[in-house]
*Asks:* 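Got a structure here, written out as structure tokens. Questions coming.
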Amino acid sequence: MDLPPDIPPEQSLITYPSDFPIKVMGHNVEGFVEAMVHVARAFDPGFDHQTVERRPSKAGNYLGLTLTVRVVNREQLDELYRTLTTHPMVKIVL
């Protein structure tokens, strides 16, 4: 995965630390939410699983989640995205 060139902090649209919402979609299967909470806690030990927003697809086959994770810098956010996009239960990360 090619990463964009480093963006100087003064040009970033994100101020760190930040509570950053990340949308994740996967199959609506047992263990999906728990696995995503586990990933979120690996990057934000204070992550509260009760804040996870859930949206099942119309047919119920997929589940969309919004995880609001506290990130402290661009490197942490990039690594969180990499971890989520390579997770076997994840189909899409926005």
Side-chain angles (χ1 to χ4, degrees):
M1 174 170 137
D2 291 330
L3 294 175
D6 287 336
I7 298 171
E10 65 274 4
Q11 293 180 7
S12 176
L13 298 177
I14 302 169
T15 303
Y16 297 99
S18 177
D19 293 329
F20 196 84
I22 299 175
K23 297 187 185 303
V24 181
M25 183 173 280
H27 286 286
N28 193 0
V29 295
E30 186 175 330
F32 176 61
V33 174
E34 292 80 6
M36 297 305 101
V37 167
H38 180 75
V39 171
R41 283 195 176 136
F43 289 87
D44 174 8
F47 180 79
D48 181 359
H49 73 280
Q50 294 179 332
T51 64
V52 176
E53 297 176 32
R54 305 169 190 222
R55 284 172 310 287
S57 64
K58 188 180 283 190
N61 296 323
Y62 293 93
L63 183 62
L65 303 177
T66 300
L67 309 169
T68 302
V69 180
R70 183 78 168 172
V71 293
V72 296
N73 57 44
R74 170 72 184 261
E75 293 78 20
Q76 180 191 22
L77 181 58
D78 289 346
E79 187 59 30
L80 174 56
Y81 268 96
R82 275 192 289 276
T83 301
L84 288 169
T85 57
T86 59
H87 193 285
M89 296 181 89
V90 173
K91 298 297 177 191
I92 299 172
V93 179
L94 302 173

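When a residue number appears, it is its place in the shown sequence, counting from 1. Both backbone and side-chain heavy atoms feed into the values below; hydrogens, waters and symmetry mates do not.
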*Asks:* With the side chain counted from C-beta on, respond yes when R41 and H49 share a heavy-atom pair under 4.5 Å apart, and no when they do not.
*Replies:*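 Side-chain contact under 4.5 Å: yes.
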*Asks:* Check whether E53 reaches the backbone of L67 with its side chain - one donor and one acceptor, N or O, closer than 3.5 Å.
*Replies:*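 Side chain of E53 to backbone of L67: no pair is present.
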*Asks:* Could you walk me through whether H27 and F32 pass the ring pair (Phe, Tyr, Trp, His ring centres under 6.0 Å) test, one step at a time?
*Replies:* CA-CA 8 Å; H27 286 286; F32 176 61; 8.9 Å; no
*Asks:* Distance-only, no hydrogens or angles: does the N28 side chain make a donor-acceptor pair with backbone N or O of N61 under 3.5 Å?
*Replies:*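 No: the side chain of N28 does not pair with the backbone of N61.
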*Asks:* Hey, what do you get for OG (S18) to CZ (R74), rounding to the nearest 0.5 Å?
*Replies:*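 Going from OG on S18 over to CZ on R74, the span is 13.0 Å.
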*Asks:* With the side chain counted from C-beta on, respond yes when F20 and L77 share a heavy-atom pair under 4.5 Å apart, and no when they do not.
*Replies:*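 F20 vs L77: side chains touch.
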*Asks:* Kindly compute the distance separating NE2 (H38) from CZ (F43), expressed to the nearest 0.5 Å.
*Replies:*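 The distance works out to 10.0 Å.
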*Asks:* Are V52 and Y62 co-members of a hydrophobic cluster defined by side-chain heavy atoms under 4.5 Å apart?
*Replies:*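 No, Y62 and V52 fall in different hydrophobic clusters.
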*Asks:* Give the C-alpha distance, both sets of side-chain angles, the deciding distance and a yes or no for side-chain contact (heavy atoms from CB on, under 4.5 Å) between H87 and M36.
*Replies:* CA-CA 9 Å; H87 193 285; M36 297 305 101; 3.7 Å; yes
*Asks:* How about V93 and L84: do any of their side-chain heavy atoms sit closer than 4.5 Å?
*Replies:*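 Yes; the side chains approach each other to less than 4.5 Å.
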*Asks:* Would you say L65 and V33 make side-chain contact, with heavy atoms under 4.5 Å?
*Replies:*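 The answer is yes; the side chains approach within 4.5 Å.
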*Asks:* Side-chain contact test, heavy atoms from C-beta onward, threshold under 4.5 Å: evaluate it for T66 versus R54 and give yes or no.
*Replies:*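 Contact flag for T66/R54 side chains = no.
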*Asks:* Run D44 and V71 through side-chain contact (heavy atoms from CB on, under 4.5 Å) and show every step you take.
*Replies:* CA-CA 7 Å; D44 174 8; V71 293; over 6 Å; no
*Asks:* Quick check: is M89 connected to V69 through a chain of hydrophobic side chains (ILVMFWY, heavy atoms under 4.5 Å apart)?
*Replies:*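 Yes, because V69 and M89 connect within a single hydrophobic cluster, where side-chain heavy atoms sit under 4.5 Å apart.
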*Asks:* Between D19 and R70, is there a side-chain N and carboxylate O pair less than 4.0 Å apart?
*Replies:*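 Between R70 and D19 there is a salt bridge, with a charged N closer than 4.0 Å to a carboxylate O.
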*Asks:* Are side-chain heavy atoms of L94 and I22 found at a separation under 4.5 Å?
*Replies:*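 When only atoms from C-beta onward are counted, I22 and L94 do not touch, as no gap falls below 4.5 Å.
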*Asks:* So which heavy atom on V72 is nearest to which on Y16, and how close?
*Replies:*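 Here V72 and Y16 meet closest at O-CB, 3.2 Å.
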*Asks:* Is any side-chain heavy atom of L80 less than 4.5 Å from a side-chain heavy atom of V39?
*Replies:*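 They are in contact (side-chain heavy atoms under 4.5 Å apart), so the answer is yes.
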*Asks:* Is V29 linked to L63 within one hydrophobic cluster, defined over Ile, Leu, Val, Met, Phe, Trp and Tyr using a side-chain heavy-atom separation of less than 4.5 Å?
*Replies:*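 Same cluster.
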